[in-house]
Amino acid sequence: MRKITSAVYALIIALSPTVTSCSPKQGLFEEDTPTGRILGTVMVINGSYDIADKDTVFEGKRYAKGDTLFYDYIGNNIEAEINKLPNENDLYNIVLFRICFSNHMPVTIDMTIPRVSIDTHGVVEGDSIVPYAGILGEYPRYTIRNLRGKVIYDAAGNPAALNIDMRCGRYQTNYQGTYKSDK
């Protein structure tokens, strides 16, 4: 057992430079930009499912025992962060912390959506973006498509809320949150 554990640690150490070299630029908090921490809710259309254990009616539709019943997944208290990429005009990383996309997803992940465009009016856009999950690297299976949204500013011109819609792999996904105060 000790040999197996040592081999696993050696493999992790050997791959560490490779894994970290794949990750996107980290990004920074920058004054007078829509950067900051956000707390919100994610909704994944038909992201969850169960198997009918008997003949049943669900949302007005009949299902037989063994049929798959799909429904929306909602995750609350999902923290996000927007960081400006150094030396890049209007490009940001959006990080969703400890996020889950389905009732059958066994773990939460920290997912980074790199190089998202946010203009001076708060319009958020991106397409064909391969997200990252922590140190695990890229997830091309969940390529982000048609990312659209808005950073909403308060009366003082500070970012107050973030609303984004996107297709994450084959799942239509929405995130809505409000910026957390540092006070």
Side-chain angles (χ1 to χ4, degrees), residues 1 4-5 7-8 11-12 15 19 22-24 34 36-82 92-118 122-152 159-180:
M1 183 68 167
I4 293 172
T5 304
V8 170
L11 180 62
I12 290 170
L15 291 177
V19 171
C22 292
S23 64
R37 293 284 269 199
I38 303 157
L39 184 63
T41 300
V42 68
M43 185 167 95
V44 182
I45 306 301
N46 287 330
S48 289
Y49 67 93
D50 285 311
I51 306 299
D53 57 359
K54 60 182 179 182
D55 291 351
T56 188
V57 175
F58 179 69
E59 295 183 351
K61 186 175 175 187
R62 291 194 160 286
Y63 293 89
K65 179 180 180 179
D67 285 349
T68 303
L69 294 82
F70 289 97
Y71 54 94
D72 298 344
Y73 174 79
I74 297 175
N76 294 308
N77 297 318
I78 305 297
E79 286 192 51
E81 186 173 69
I82 298 178
Y92 297 80
N93 286 343
I94 298 176
V95 184
L96 301 168
F97 294 99
R98 294 175 303 284
I99 192 165
C100 189
F101 294 97
S102 170
N103 64 329
H104 289 280
M105 192 169 161
V107 296
T108 61
I109 60 171
D110 293 346
M111 184 176 87
T112 300
I113 306 170
R115 303 184 61 80
V116 175
S117 172
I118 304 176
V123 175
V124 180
E125 293 182 318
D127 194 35
S128 300
I129 301 170
V130 177
Y132 291 81
I135 63 167
L136 300 175
E138 294 182 332
Y139 272 87
R141 179 178 174 193
Y142 295 101
T143 296
I144 305 298
R145 306 240 186 253
N146 301 321
L147 175 69
R148 302 287 179 264
K150 182 88 171 141
V151 174
I152 301 164
L162 172 67
N163 296 323
I164 56 174
D165 284 303
M166 61 188 164
R167 181 163 290 282
C168 184
R170 64 183 181 132
Y171 300 100
Q172 190 61 39
T173 305
N174 171 271
Y175 179 83
Q176 295 183 15
T178 56
Y179 278 76
K180 295 169 57 173

side-chain contact (heavy atoms from CB on, under 4.5 Å) with Tyr171: which of Asn46, Ile45, Val44?
Val44
In this structure, which one of Ser117, Pro114, Pro34 forms a side-chain contact (heavy atoms from CB on, under 4.5 Å) with Tyr92?
Pro34
Roughly how far apart are [X] [atom1] and [Y] [atom2], rounded to 0.5 Å?
| X | Y | atom1 | atom2 | answer |
| --- | --- | --- | --- | --- |
| Asn103 | Tyr71 | CG | OH | 4.0 Å |
| Lys54 | Tyr63 | NZ | OH | 15.5 Å |
| Glu125 | Lys150 | CD | NZ | 10.5 Å |
| Thr112 | Glu81 | OG1 | CD | 9.5 Å |
| Thr108 | Leu96 | OG1 | CG | 12.0 Å |
| Thr41 | Ile78 | OG1 | CD1 | 7.5 Å |

Considering all heavy atoms, the nearest [X]-[Y] contact:
| X | Y | value |
| --- | --- | --- |
| Ala64 | Ala52 | O-CB, 3.6 Å |
| Ala161 | Tyr179 | N-CD1, 3.5 Å |
| Ala80 | Tyr175 | CB-OH, 3.6 Å |
| Ala133 | Tyr139 | CB-CE1, 3.2 Å |

Test item: [X] and [Y] side chains (from C-beta on) under 4.5 Å apart, heavy atoms:
| X | Y | value |
| --- | --- | --- |
| Ile109 | Ile99 | yes |
| Arg148 | Val123 | no |
| Leu147 | Asp127 | no |
| Glu79 | Lys180 | yes |
| Asp55 | Arg62 | no |
| Phe58 | Asp50 | no |
| Met166 | Ile129 | no |
| Val116 | Ile144 | no |

Heavy-atom neighbours of Tyr49 OH exceed 12 at 6.0 Å:
no
Tyr142 side chain to Pro131 backbone, donor-acceptor under 3.5 Å:
no
If we ignore hydrogens and angles and just use 3.5 Å, is the side chain of Asn174 paired with the main-chain N or O of Ile164 as donor and acceptor?
yes
Mind running side-chain contact (heavy atoms from CB on, under 4.5 Å) on Met105 and Tyr73 for me, showing each step along the way?
CA-CA 11 Å; Met105 192 169 161; Tyr73 174 79; over 6 Å; no
Have Thr173 and Arg167 got a donor and an acceptor in their side chains that come within less than 3.5 Å?
no
